[in-house]
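Notes follow the structure.
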Amino acid sequence: MIYLKTPEEIATLKRANQLVGKTLAEVGKAIRPGVKTIELDRIAEDFIRSNGAVPGFLGYGGFPNTLCISVNENVVHGIPSDYEIKEGDIVSVDCGTIVDGFYGDSAFTFCVGEVDEKVKKLLRTTREALYKGIEQAVDGNRIGDIGHAVQRHCEAAGFSVVRDLVGHGVGRDMHEAPEVPNFGKRGQGVLLKEGMVIAIEPMINMGNRAVVFEKDGWTVRTIDRKPSAHFEHTIAVHAGKAEILSSFDFVDEVLKNK
Ligand code: MG
Ligand code: MG
């Protein structure tokens, strides 16, 4: 069942997702060598609550924290811990909120200090691929058009697309239909319609696309232990052009002044 959203519901989803964007920026300010990922989690939880909202991930399916923080070879769903971030790490921060009953969901992968040039290219390519996917997310296109655009862009750069995890519809539940794979064929899959709200979230690996669960039951990491990048926006499908409900503007502003 795919729930189409009214303009009022999309406005609420936008508030939830803008708050995620602002939270990611608060986390971005604090990311530096020596900081523990659990400290970043506290910053995010405090910020979300001080804005009158509820962390979307905390308790979701039993997840213990506000953020998923996945460093280097960890792809997604990393649990904040006493791990101290170090120079050269890449840190994927995935954040969810609930505002007036609707979810926000967005992720950004940060560089810590000087990062290997090839890893920076992985991040750049993944972020670009997200926007290539968003360009395809218009009324009348199909889910496969999104995945195809993401896959083509990343594979052309020599990277691989994680297939075991996918994007999703977003609404009163964080994970609604349809699934939004980051691979696919043009013109195939679910028809996109005005009012659909989906999270597009390429998870792109430097090496092989294969991933495995860590023993904690949550963290997904690359089997070859090479780095992985993750960028995610929640968007609303319209005729002609998608509306990006989340935002990297707040993060970009912080990074510019860092
Ligand atoms: Mg997410
Ligand atoms: Mg998501």
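Atoms within a ligand are numbered from 1 in the order they appear, just like the ligands themselves.
- The closest approach of H168 to the Mg ion (ligand 2), by N/O/S atoms, is made by NE2.
- Here F213 and H77 keep their ring centres 6.0 angstrom or further from each other.
- Summarising the geometry of I134 relative to A242, their closest heavy-atom pair is O-CB, 3.8 Å, with the distance given to 0.1 Å.
- Taking 2.8 Å as the threshold, D105 counts as a candidate ligand of the Mg ion (ligand 1), since one of its N, O or S atoms lies below it.
- Within E201, OE2 is the N, O or S atom that lies nearest to the Mg ion (ligand 2).
- Tested against F57, the residues D94, I98, T97, T66 include a single side-chain contact (heavy atoms from CB on, under 4.5 Å) partner, D94.
- Here the two rings, on Y60 and H175, have centers that are under 6.0 Å apart.
- Between the OD1 atom of D94 and the OE1 atom of E232, the angle taken at the Mg ion (ligand 1) works out to 100° after rounding to 10°.
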